[in-house]
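Because only heavy atoms are used, hydrogens play no part in the values below, and waters and symmetry mates are left out as well, while side chains stay in.
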Amino acid sequence: MASAWLSPYYWLQLTTTACDLEPDAHRILPPPCYIILQIINGDTNLTPPSFAPINHDLYHTSGALMEEIEALVDRHPDKLSMEMVKSRNKGYTAEITVVTYGRKRKEIDDRSKFRILLSFGQHGRELITTELAFRILSILSEEQFLPKMDQALLNSTFEELVIKVVPVENMNGRKLVEAGDLCERRNGRGVDLNRNWSVDWGKKEQDYDPYEENPGTAPFSEPEAQLMRKLSLSFRPHIWVNVHSGMEALFMPYDHKNTTPDGILSHRMRSMLEELNHLHCEDRCMVGSGGGSVGYLAHGTATDYMFDIVGVPMAFTFEIYGDGTASSKDCFKMFNPIDVTNFNRVLNSWSAAFISMFNMGAHQLDELHPKASLSKLDKLVSTDDYLNGYLMERSSRYGKKMEMLELGMQEIRTYFRLFLLSSVLLMFMFCSRISKSSRPIVLLERRNI
């Protein structure tokens, strides 16, 4: 018997039988050697025995994790609140949970507060990121404490913050991982959610992997990306962090090109990342633009959209762990620490990094007077974003009755543009007609004079 990998998710098993060399009076052709080819779908056991499985002594299941977070919120209603939002597209439904932290619940919607949006678990296989989300929420609610942190200073900083945390952005993909597809990064219908945003969407590099980097059929074709976009446009954060694993890095825009933005905000972002690298990463983390540092360009990412379209002054991607010695097929080990020492080290050092970032970011933007000068945050939403947000809101309010509007989003945008174009053309024709009709009168008056 021989076996080989077709992909990280299927085994190819070859079984050969002994050749039947005895003559057969009923057989016209020579006796064959039979080869049995069997593709074993990994629904029952996708992980070869030599590869690291999920360590359930360290990691929560997605269900247990959300139960723990819900219980945490229930214990601290003065600081935490939680909501679940859903979106549906062509029969595919996604749901995300958003946990909001604020010291004074009545001031959560206060636009003068310093607002931070954090997303974890955008790729299903990166379980360590969702554990970090839970750790940060536990620190914010003061059920856990960081060593060498001035609690009085933290309390004064936290008074001015409103933080929204998405603990598991890609719940459907996470469940595939828990079922055994330990290398799965995409959502429940095979789309990479970090390639489904509109900035430079769909562009393919020479090293493009159609399996890993499927961008979807259109920008925001996926309900998860639709929900995150709607959240970002309504919340208007000052800081955005998309948390991943696979390496240790602190990235700023851009992912889709080998450059960083111009201006003082770019300088402030890099300065803060370099300080975080020194304080919490022992200067071993990669710092810079995602496209210029990681070795490949990524198109249609969330962080580029947050910076360019939403206008988030400080938009980051943090990579919190990676095992470069692991086999490319040993995905759990590559993206997640498998022993308790490294597990705790990652959670402690990166939760401390986030708390430092909350404090540093607030001071950085205070120096720039964001309420007065960061007009980028208050710019008008584009026509496409307005229409998409409008349709999503109606869909969530009225349920299935509005699903056809969501499905026809592209057509509606097209008709809206045609309407604007035709209106401009009509106005031009009307003005031209008036201009032509007035010319003879002017000429006649001149002749009379």
*Trace of the side chain to side chain contact (heavy atoms under 4.5 Å, CB included) decision for Lys164 with Leu118*: CA-CA 6 Å; Lys164 287 189 181 290; Leu118 310 176; over 6 Å; no
*Classify the side-chain pair Thr97/Glu83 by whether it contains a donor and acceptor separated by less than 3.5 Å.*
no
*asked:* Main chain of Ala64, side chain of Glu68: is a donor-acceptor contact present, judged purely on distance under 3.5 Å?
replied: no
*Does a donor on one side chain and an acceptor on the other come within less than 3.5 Å for Thr157 and Asn359?*
yes
*Judged by modelled atom types alone, do Arg135 and Asn348 share a side-chain donor-acceptor pair under 3.5 Å?*
yes
*Are side-chain N/O atoms of Thr130 and Arg174 paired as donor and acceptor at under 3.5 Å?*
yes
*For the residue pair Tyr254 and Phe307, categorise the inter-ring angle as parallel (less than 30°), tilted (30 to 60°) or perpendicular (more than 60°).*
perpendicular
*Using distance alone, with no hydrogens and no angle criterion, decide if Thr317 and Thr303 have a side-chain donor and acceptor under 3.5 Å apart.*
yes
*asked:* Using 0.5 Å steps for rounding, measure from the CZ atom of Arg125 to the CD atom of Glu184.
replied: 8.0 Å
*For the residue pair Glu224 and Tyr92, confirm or rule out a side-chain donor-acceptor distance under 3.5 Å.*
yes
*Measure the spacing between CD of Glu169 and CD of Gln122 and express it to the nearest 0.5 Å.*
4.0 Å
_Parallel, tilted or perpendicular: which one describes the rings of Tyr101 and Phe158, with boundaries at 30° and 60°?_
perpendicular
*asked:* Tell me whether Ser293 contacts the main-chain N or O of Gly290 through its side chain, where contact means a donor paired with an acceptor under 3.5 Å.
replied: no
_Please check this pair: side chain of Asn196 against backbone of Ala218, looking for a donor-acceptor N/O pair closer than 3.5 Å._
yes
_I need the Ile96 CD1 to Asn170 CG distance, nearest 0.5 Å._
11.0 Å
*asked:* Test your reading of the model: is there a side-chain donor-acceptor pair from Asn336 to the backbone of Ile128, 3.5 Å cut-off?
replied: yes
*Compute the ring centroids of Phe114 and Phe358, then answer whether they are less than 6.0 Å apart.*
no
*Any side-chain donor paired with an acceptor under 3.5 Å for His278 and Glu275?*
no
*Approximate separation, where rounding is to 0.5 Å, of Asn242 CG and Met228 CE*: 7.5 Å
*Strictly by modelled atom types, are His76 and Glu143 linked by a side-chain donor-acceptor pair under 3.5 Å?*
yes
*So, for Phe134 and Phe120, is the gap between ring centers shorter than 6.0 Å?*
no
*Please assess Lys329 against Phe51 for the test side chain to side chain contact (heavy atoms under 4.5 Å, CB included), listing each intermediate value before the final yes or no.*
CA-CA 8 Å; Lys329 298 182 180 67; Phe51 293 164; 3.6 Å; yes
_When you measure from the side chain of Asn214 to the backbone of Gly190, do you find a donor-acceptor pair of N or O atoms at a distance under 3.5 Å?_
yes
_Atom pair CG (Asp200) and NE2 (His299), whose distance is rounded to the nearest 0.5 Å_ = 5.5 Å
*Is it true that the side chains of His244 and Glu319 contain a donor and an acceptor less than 3.5 Å apart?*
no
*asked:* Counting only heavy atoms not in Asp262 (residues, nucleotides, ligands), do more than 12 fall under 6.0 Å from its CG?
replied: no
*asked:* Using 0.5 Å steps for rounding, measure from the OG atom of Ser289 to the CZ atom of Arg270.
replied: 7.5 Å
